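What follows is a short report on a single structure.
Small disclaimer: the values here were computed from a predicted structure and weren't measured. Residue numbering restarts at 1 for every chain, and letters A, B, ... go by the order of the sequence lines. Side-chain atoms are counted along with the backbone in the values below, which use heavy atoms only and exclude waters and symmetry mates.
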Amino acid sequence: MKSLTTPLSKRDIEELAVGEQVYLTGTIYTARDQAHKKLAEAIEKNRKIPIDLNGKVIYYCGPTPARPGKATGAAGPTTSGRMDKFTPALLKKGVFAMIGKGKRSGEVIKAIKKHSAVYFLSYAGCGALLSTYIEKSEPVAFTELGPEAIYKMEVRNLPLFVGIDSRGNDIFEKRAPIKGRKRRVS
Amino acid sequence: MKTIPAAKIKEIVSELCIRANTILREDILSGLKTAYFKETDKRARDILKAVIDNASIAKKEKIPICQDTGLPVVFIEIGQDVRIKGNLKQAINKGVEEGYRKGYLRSSVIGDPLARGRSGYSPAVIHTEIVSGHKLKITVLPKGFGCENKTQLKMFNPTEKIEGIKEFIKNAVNYAGPDACPAYIVGVGIGGTADYAVFLAKKALLKKVTRYSRKTQATSTSKLERDLLKSINKLNIGPMGLGGKTTCLGVNIETYPTHIAGLPVAVNISCHALRSASAIL
């Protein structure tokens with residue numbers, strides 16, 4: 001089992017292999033549909049964007065409000081596929097890693113390979129559990145979007161799986177139906 | 001004639017929103033635990049354990065099971081001998097707003113589907129049904145949209161073979177694949193009209209997810225449910241889509257009479273965090 005700390009280096013990323021479990025400590029930034037749309041539009045029009053994406057880890061997440069005295073509310077991953085059409089532009093701007101759930105498009109996989117980036121999966125539908133790994137969370141951009149704002153989060157040992165590694169290997173690629181009486185799938 | 005004040009309904013809806021979002025349904029939790037013991041894939045077991053731990057943290061800390069606290073879908077069964085004093089629709093929406101605010105739930109509802117804009121807590125989607133008697137039953141189903149986005153409807157020919165219908169349902173689940181937080185609970189609506197079949201598919205999610213034993217009475221629907229569960233669990237989607245035999249915790253089917261010319265079939269999938277809570281007044 002591997003532990004990683006932000007800022008990640010290209011070497012950190014290139015050493016990751018698909019399927020591997022990783023514990024991430026450091027700073028990550030949330031962004032989901034509307035934040036992606038806004039970032040991609042700004043990039044396209046060469047306008048200034050509110051955060052420097054270079055070397056960053058993006059978490060597809062829209063947390064619930066924190067109860068008083070808590071760092072965050074529930075904060076699990078949302079479906080990554082909805083971000084696919086914006087992802088290549090963000091990778092081009094220097095994003096190193098993304099955290100989400102579910103499959104990515106062929107174009108995203110190609111862009112991940114091209115930019116030597118990584119796509120992580122975190123426990124899907126486990127927002128309460130994942131909140132326990134988040135020590136700090138504050139909205140830093142697009143705050144008018146409420147839960148869709150960009151939150152800067154400090155995480156400690158956030159459990160992740162490598163979903164797509166920097167060589168473009170995809171964890172979902174090999175799925176085949178369970179046949180006959182075979183019980184165990186490796 | 002029994003009179004129920006709208007204010008009482010508001011209060012109950014508020015409580016149900018919080019309860020549904022923080023305390024996982026007993027049948028789902030027990031289904032997850034059974035799946036955990038039966039699962040043989042190591043990683044699938046690890047994920048199922050995280051899902052079970054997640055439910056207990058949510059309950060203990062009063063934190064939502066999932067950050068997607070859903071679009072609140074409210075089912076109201078009104079006994080025909082009940083009189084509601086006040087505005088029912090307003091009471092439901094005020095109850096939703098209060099519950100979501102008090103429970104620190106997420107504002108995920110946007111006022112205009114095209115213009116989008118800033119999200120709020122309401123309105124809920126409300127289904128009302130008039131039934132006999134003098135009771136009022138309220139059910140809140142906060143429906144997450146990761147899985148709602150995978151809904152499918154097909155208008156079959158009335159002469160379609162059962163195999164074709166099974167294939168459609170199985171393919172709908174396969175299409176959802178790893179994206180909508182498996183292990184799934186699959187709601188299926190068969191019959192009625194197009195809109196009614198989709199409603200039935202959603203309503204089917206409210207039925208208790210049961211484990212089939214040899215003692216289970218084999219109606220044609222329960223046999224279909226069992227066959228589908230078996231074949232869906234061979235898809236090898238597994239928890240988080242990373243493989244394993246736990247793709248589906250249960251298939252629930254609701255049927256309704258339909259037209260001689262048609263056979264509507266709808267599939268409404270739920271993620272493993274199938275949340276709902278009910279109260280009877």
Side-chain angles (χ1 to χ4, degrees), chain A residues 19 21 30 32-34 37 61-68 70 72-82 100-104 121-132 143-149 159 161 163 170-172 174-186, chain B residues 21-22 40-41 43-44 46-47 50-51 53-69 101 103-108 116-120 144-147 149 174 176-182 231 233-245 247 271-273:
Chain A
Q21 200 166 9
T30 69
R32 43 174 295 151
D33 306 64
Q34 298 302 327
K37 193 176 168 214
C61 173
T64 62
R67 282 186 178 273
K70 295 275 179 188
T72 180
T78 195
T79 312
S80 307
R82 294 197 315 271
K101 67 167 166 112
K103 290 175 300 214
R104 307 308 302 264
L121 303 170
S122 64
Y123 288 124
C126 296
L129 173 71
L130 292 171
S131 76
T132 63
T143 51
E144 73 281 6
L145 295 175
E148 293 207 76
F161 297 98
D170 179 8
I171 200 166
F172 296 118
K174 286 174 195 159
R175 177 165 64 88
I178 300 172
K179 287 211 180 78
R181 306 191 65 183
K182 191 181 166 195
R183 297 201 130 191
R184 184 179 280 268
V185 177
S186 58
Chain B
N21 269 299
T22 52
T40 45
D41 184 276
R43 189 163 54 193
D46 169 69
I47 298 163
V51 172
D53 288 348
N54 182 66
S56 69
I57 292 169
K59 192 174 172 184
K60 199 171 131 229
E61 303 285 334
K62 296 186 173 65
I63 183 173
I65 295 159
C66 176
Q67 73 289 339
D68 184 356
T69 53
R101 190 163 38 243
Y104 292 87
L105 307 178
R106 197 176 74 182
S107 58
S108 312
R116 314 299 295 186
R118 188 166 187 156
S119 58
F145 252 58
C147 52
N149 280 339
N174 203 25
D179 288 1
C181 293
S231 69
N233 277 331
K234 281 189 182 146
L235 289 171
N236 196 20
I237 296 171
M240 273 173 77
L242 299 182
K245 57 184 178 187
T247 295
C271 57
H272 58 71

Query raised in the report: Do Asp46(B) and Gln21(A) have side chains that get closer than 4.5 Å, going by heavy atoms?
Result: yes

Query raised in the report: Non-hydrogen atoms of chain A under 4.5 Å away: do they reach the side chain of Leu105(B), the backbone, both or neither?
Result: backbone

Requested in this report: Measure the spacing between CD of Gln67(B) and CG of Leu130(A) and express it to the nearest 0.5 Å.
Outcome: 8.0 Å

Query - Pair Arg118(B) + Glu148(A): basic N to acidic O under 4.0 Å - result: no

Query raised in the report: In terms of heavy-atom pairs under 4.5 Å, which option from Ala128(A), Ser131(A), Gly127(A) contacts chain B the most?
Result: Ala128(A)

Query raised in the report: Considering only heavy atoms from C-beta outward, does the side chain of Pro177(A) approach that of Lys234(B) to under 4.5 Å?
Result: no

Query raised in the report: What part of Arg104(A) lies closer than 4.5 angstrom to a heavy atom of chain B: side chain, backbone, both or neither?
Result: neither

Query - Note, Thr69(B) side chain near Thr64(A) side chain (heavy atom, < 4.5 Å) - result: yes

Requested in this report: Count the heavy-atom pairs under 4.5 Å between each of Gly146(A), Pro159(A), Gly62(A), Pro77(A) and chain B, then report the option with the highest count.
Outcome: Gly62(A)

Query raised in the report: To the nearest 0.5 Å, what is the distance between CE (Met240(B)) and SG (Cys126(A))?
Result: 8.0 Å

Report task. State, with a plain yes or no, whether a side-chain heavy atom of Asp179(B) is found less than 4.5 Å away from one of Lys101(A). Result -> no

Query raised in the report: Given the options Asp53(B), Asn174(B), Asp68(B), which has more heavy-atom pairs under 4.5 Å with chain A than any of the others?
Result: Asn174(B)

Query raised in the report: Given side chains that start at C-beta, do those of Thr132(A) and Glu61(B) come closer than 4.5 Å, heavy atoms only?
Result: no

Query raised in the report: So, do Ile171(A) and Leu242(B) sit near enough that their side-chain heavy atoms are less than 4.5 Å apart?
Result: yes

Query - Check: Arg67(A) and Ile63(B) side chains under 4.5 Å, non-hydrogen atoms - result: no

Report summary line: Residue from Cys181(B), Ala55(B), Cys66(B), Gly238(B) scoring the most non-hydrogen pairs under 4.5 Å with chain A is Cys181(B)

Query raised in the report: Who are the ring-ring contact (aromatic ring centres under 6.0 Å, His included) partners of Phe161(A), not counting sequence neighbours?
Result: Tyr123(A)

Query raised in the report: Do Pro147(A) and Ser119(B) have side chains that get closer than 4.5 Å, going by heavy atoms?
Result: yes

Query raised in the report: What is the minimum heavy-atom distance between Pro178(B) and Phe172(A), and which atoms define it?
Result: CB-CE2, 3.4 Å

Query raised in the report: Quick check: does any side chain N or O of Asn54(B) sit under 3.5 Å from a backbone N or O of Leu129(A), one acting as donor and the other as acceptor?
Result: yes

Report summary line: Residue from Ser56(B), Ala50(B), Pro182(B), Ala58(B) scoring the most non-hydrogen pairs under 4.5 Å with chain A is Ala50(B)

